[in-house]
Amino acid sequence: MKDLKLTGSSEGQSRTVIDVEGVRIGEEFVVIAGPCGVESEIQIIKTAVAVKEAGAKMLRGGAFKPRTSPYAFQGLGLKGLKFLLAAKRETGLPIVTEVIDPRDVSWVGEYADVLQIGARNMQNFSLLREVGKSDRPVLLKRGMHSTIEEWLNCAEYILAEGNSKVFLCERGIRSFETYTRNTLDISSVVAVRGLSHLPAFVDPSHGCGRKSIIGPMSLAAIAAGADGLEIEVHFDPSSALSDKDQQFTPEEFAALMKRIAKVRACVEELGP
Ligand code: PEP
Ligand code: MN
């Protein structure tokens with residue numbers, strides 16, 4: 001692949017490790033968990049406490065929700081970021097949250113430990129340039145219609161601005177299939193980890209959209225070499241304002257984390 005001057009891996013180059021408040025992305029296996037959207041202080045704190053207890057190392061939650069319909073829940077904005085901070089104070093979990101507008105990057109970065117670029121904004125080049133000027137680590141989702149080459153070139157935009165703390169996240173691509181929300185391309189994890197030194201995560205929640213499939217696909221992602229997972233968990237999914245069908249309860253998440261630990265142990269024993 002041409003022109004991946006900073007993102008591409010070269011012979012003998014070590015893999016990128018990103019330190020987020022002591023969590024070593026790319027070095028240790030990291031599960032990021034939390035609700036789709038931040039809905040209230042109690043919702044995010046209760047969920048954060050539960051995911052931490054189950055072994056998650058970072059908390060996710062959207063304060064800005066890029067929704068298909070302009071009438072759907074758009075997120076709480078600044079209020080949501082303040083609730084995330086309260087959950088961080090309670091649990092110590094670093095915060096991963098999405099930024100959707102280049103004008104918001106610097107002030108959202110005052111609350112977020114990791115800035116997430118969502119699938120719909122993967123090729124928003126002004127947003128990529130802006131997070132590239134930030135000193136915050138960036139989680140770059142794969143666009144739902146994007147090739148691996150386009151995705152890596154978007155990472156290149158961020159690195160080219162000076163921010164080398166980028167990690168990738170496969171979240172499913174659009175195909176003719178509609179039973180699953182998207183088609184989770186686990187092969188891309190192997191591909192991008194070969195082409196690039198950047199860590200690669202998998203988001204099986206948006207990738208599959210069905211709880212019965214998200215668990216097994218989490219395990220498959222680990223077997224494929226993923227550096228971590230991003231999973232949606234809500235303390236009461238039936239009341240969720242977005243993505244209620246795909247969010248795990250804390251109990252379901254804790255059960256999956258036990259299976260994740262077992263598959264991780266097998267993969268570690270197998271070696272590269
Ligand atoms: C999300 O993680 O909240 C999200 C909206 O995901 P994606 O951008 O992958 O659809
Ligand atoms: Mn969601």
Side-chain angles (χ1 to χ4, degrees), residues 30-39 43-44 47-48 51 56 58-70 72-77 80-81 83-84 95-101 104 108 112-124 127-128 131 137-146 148 150-151 154-155 166-175 180-186 188-189 192 200-211 213-214 217-218 221 226 228-249 253:
V30 174
V31 177
I32 302 168
C36 180
V38 181
E39 297 166 356
Q43 172 245 15
I44 191 68
T47 309
V51 299
M58 293 195 188
L59 176 66
R60 64 147 287 144
F64 297 94
K65 297 305 303 171
R67 306 301 301 284
T68 303
S69 162
F73 175 62
Q74 303 285 313
L76 299 180
L81 294 172
F83 293 160
L84 279 165
I95 295 165
V96 180
T97 198
E98 182 165 350
V99 61
I100 60 176
D101 189 317
D104 296 341
V108 171
D113 297 296
V114 173
L115 295 168
Q116 178 168 310
I117 302 293
R120 291 157 191 79
N121 271 312
M122 187 201 82
Q123 279 188 319
N124 179 337
L127 184 59
L128 297 177
V131 296
V138 178
L139 183 166
L140 179 64
K141 294 274 193 100
R142 180 181 183 180
M144 61 188 85
H145 305 286
S146 305
I148 287 167
E150 287 163 344
W151 186 19
C154 289
V166 175
F167 59 115
L168 304 160
C169 184
E170 164 65 46
R171 50 76 71 205
I173 49 178
R174 278 272 165 89
S175 73
T180 47
R181 183 172 177 184
N182 289 286
T183 295
L184 188 65
D185 180 12
I186 287 179
S188 78
V189 174
V192 295
F201 276 48
V202 170
D203 166 359
S205 302
H206 295 91
C208 305
R210 285 178 185 264
K211 286 208 233 182
I213 304 177
I214 293 165
M217 287 298 103
S218 304
L229 296 166
E230 186 179 42
I231 299 176
E232 285 190 343
V233 182
H234 191 295
F235 85 99
D236 176 22
S238 65
S239 71
L241 299 179
S242 56
D243 287 352
K244 62 164 61 150
D245 296 336
Q246 72 189 33
Q247 301 200 60
F248 282 135
T249 63
F253 177 65

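On a predicted model such as this, the values are computed, not experimentally measured, just so you know. Counting starts at 1 for both ligands and their atoms, in listed order.
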Item to check | D245 bridged to R181 by N-O distance under 4.0 Å | outcome: no
Next on the checklist: If the criterion is any heavy atom closer than 4.0 Å to an atom of ligand 1, which residues make the list?
Outcome noted: R60, K65, E98, Q116, G118, A119, R120, K141, R171, H206
Checklist entry - Within a radius below 2.8 Å of the Mn ion (ligand 2), how many protein N, O or S atoms are present? => result 4
Next on the checklist: Under a 3.5 Å threshold, yes or no: a donor from one side chain and an acceptor from the other, between D236 and S238?
Outcome noted: yes
Next on the checklist: Can you confirm whether the side chains of D243 and H234 place a donor and an acceptor under 3.5 Å from each other?
Outcome noted: no
Next on the checklist: Would you say that T97 contacts R60 through its side chain, given a criterion of any heavy-atom pair below 4.5 Å between the two side chains?
Outcome noted: no
Next on the checklist: Quick one, E170 and W151 - any side-chain contact, counting heavy atoms below 4.5 Å?
Outcome noted: yes
Next on the checklist: The test is salt bridge (charged side-chain N to carboxylate O under 4.0 Å, His left out); show your working for E230 and K141 and say whether it passes.
Outcome noted: CA-CA 11 Å; E230 186 179 42; K141 294 274 193 100; 3.7 Å; yes
Checklist entry - Of all residues at least two apart in sequence or in a different chain, which pass the ring-ring contact (aromatic ring centres under 6.0 Å, His included) check with F201? => result F167
Item to check | Partner residues of S69 under the side chain to side chain donor-acceptor pair (under 3.5 Å) criterion, sequence neighbours left out | outcome: none
Checklist outcome for this item: What one should report as the nearest heavy-atom pair of V189 and A200 is CG1-CB, 4.4 Å
